[in-house]
2 protein chains.
Amino acid sequence: MNYTENIISKYRAHGFKLTPQRLAILKCLDGNTSHPTAEDIYIELKKTHPTVSFATVYNTLTSLKDMGALLEVTIDPDRKHFDPNTTPHHHIICTKCGSIGDIFVDYSQALTLPEDVGAEFFLTGNHVDFYGLCKRCRTKGQV
Amino acid sequence: MNYTENIISKYRAHGFKLTPQRLAILKCLDGNTSHPTAEDIYIELKKTHPTVSFATVYNTLTSLKDMGALLEVTIDPDRKHFDPNTTPHHHIICTKCGSIGDIFVDYSQALTLPEDVGAEFFLTGNHVDFYGLCKRCRTKGQV
DNA sequence: ATGATAAAATAGAATTATTCTAAGTTAATA
DNA sequence: TATTAACTTAGAATAATTCTATTTTATCAT
């Protein structure tokens with residue numbers, strides 16, 4: 001069962017409607033590793049659904065988040081990005097072009113807290129951001 | 001030389017003015033580990049400088065960032081937080097109360113990229129966010 | 001000390017991302 | 001096919017941040 005099919009059954013299970021707009025948003029997100037913003041999705045949707053509104057995009061994103069089928073990525077200080085891949089992973093960000101990539105490695109073993117903090121804090125997760133220059137930006141020369 | 005003295009000399013070196021508002025913002029930031037937002041700082045400033053404006057707060061924060069004396073922390077999806085501690089470190093976030101703590105451990109040795117990614121990406125830094133429940137929220141029971 | 005001046009502070013308008021609202025539309029079900 | 005709760009829509013509202021035009025002031029040369 002792929003992403004879209006999986007979520008369609010989740011929508012049904014929750015008694016939510018399967019509207020053309022929602023299906024189009026799912027199609028846009030399925031396998032999407034570009035970490036789009038709400039606006040990216042809105043622009044993409046406009047192509048097939050010219051009357052779609054931002055409210056629908058945000059509403060759908062919220063419903064997906066609520067069902068655990070979408071993650072909000074807090075990396076860009078200016079806007080929210082979204083990630084349909086909900087398996088735990090980390091991100092690698094190009095500080096020149098802003099592109100975001102995925103890193104599927106579990107670093108939990110190595111990421112131990114200092115004793116004093118670890119004794120007080122109930123740890124539930126971690127997330128690593130890697131910074132640097134992507135291949136394209138490296139090649140194309142300096143800023 | 002402490003934080004405030006250090007920055008005062010940087011301001012002088014850059015030919016910037018040392019205004020009472022800026023000095024008050026420096027005083028508010030010096031040794032501040034609470035990761036305040038612009039509004040937090042604005043509210044604090046109001047106590048001693050009732051006519052201060054948001055523009056002054058933002059302008060000063062920008063000048064500090066430009067001088068490398070302040071870091072913008074992108075952890076909260078809804079607003080920017082600021083950190084006067086510019087030595088590399090990581091953060092620990094309570095998912096219940098939103099408080100942000102500092103972790104001064106260098107995990108770089110352990111945070112190696114997968115070969116294929118590492119070969120293409122010029123890595124310059126990393127940042128770890130730890131998630132969980134702080135002591136207070138653990139103790140006070142469930143949400 | 002004083003005056004000149006570039007830099008900064010201020011109030012409020014503008015911008016941008018996101019959320020809300022009210023009214024019309026529709027998917028799902030009986 | 002009718003009913004209805006849920007959805008979509010346009011546009012207003014909100015909130016964080018930035019911009020603008022004007023007034024004020026820290027600094028420096030005198």
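First the proteins, then the strands, lettered A, B, ... as listed; each starts at 1.
Under the 30°/60° scheme for interplanar angles, the aromatic rings of B:His127 and B:His91 are found to be tilted.
Rounded to whole Å, atom P of D:dA16 lies 13 Å from atom CZ of B:Phe82. Atom CG of A:Asn59 is separated from atom P of C:dA22 by 15 Å (rounded to the nearest Å). A straight line from CG of A:Leu23 to C1' of D:dT8 spans 14 Å, rounded to a whole angstrom. In this structure, the CZ atom of A:Arg79 is 13 Å from the C1' atom of D:dT17, given to the nearest Å. Residue B:Asp78 contributes atom CG, which lies 17 Å from atom P of D:dT14 at whole-angstrom precision. Note: CD1 (B:Ile41) to C1' (D:dT17) measures 14 Å, nearest angstrom. Nucleotide C:dT19 holds its C1' atom 12 Å from the CZ atom of A:Phe54, rounded to whole Å. Taking atom OH on B:Tyr42 and atom P on C:dA11, their separation rounds to 8 Å, with Å as the unit.
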Check the interface with nucleotides 27-30 of chain C: list each N/O to N/O pair with the protein under 3.5 Å, or write none.
residue : atom : partner : partner atom : Å
C:dA27  : N3   : A:Lys17 : NZ           : 3.3
C:dA28  : OP1  : A:Leu18 : N            : 3.2

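Hydrophobic clustering places A:Val57 together with A:Leu23 (ILVMFWY residues linked when any side-chain heavy atoms are closer than 4.5 Å, directly or through intermediates).
Considering all non-hydrogen atoms of both residues, B:Tyr11 and B:Arg22 come closest at CE2-NH1, 3.5 Å.
With A:Leu70 as the fixed residue, the side-chain contact (heavy atoms from CB on, under 4.5 Å) test singles out one of A:Ile25, A:Leu29, A:Thr86, A:Ile7: A:Leu29.
Residue A:Tyr58 places none of its side-chain N or O atoms closer than 4.0 Å to OP1 or OP2 of C:dT19. For the pair A:Arg22 and D:dC7, the criterion of a side-chain N or O lying under 4.0 Å from OP1 or OP2 is met. Here A:Ser53 does not reach the OP1 or OP2 of D:dT8: none of its side-chain N or O atoms lies under 4.0 Å away. Not one side-chain nitrogen or oxygen of B:Gln21 sits closer than 4.0 Å to the OP1 or OP2 atom of D:dT25.
Inspection of the A:Asp40 and A:Thr37 side chains reveals an N or O donor paired with an N or O acceptor under 3.5 Å.
Taking a cutoff of 4.0 Å between a charged side-chain nitrogen and a carboxylate oxygen, A:Arg79 and A:Asp76 qualify as a salt bridge.
Using a 4.0 Å heavy-atom cutoff across all strands shown, A:Thr51 reaches sugar-phosphate atoms only and no base atom.
B:His90 has its ring centre less than 6.0 Å from the ring centre of B:Tyr107.
When distances are taken from the side chain of A:Lys80 to each of D:dT17, C:dT10, C:dT19, the shortest belongs to C:dT19.
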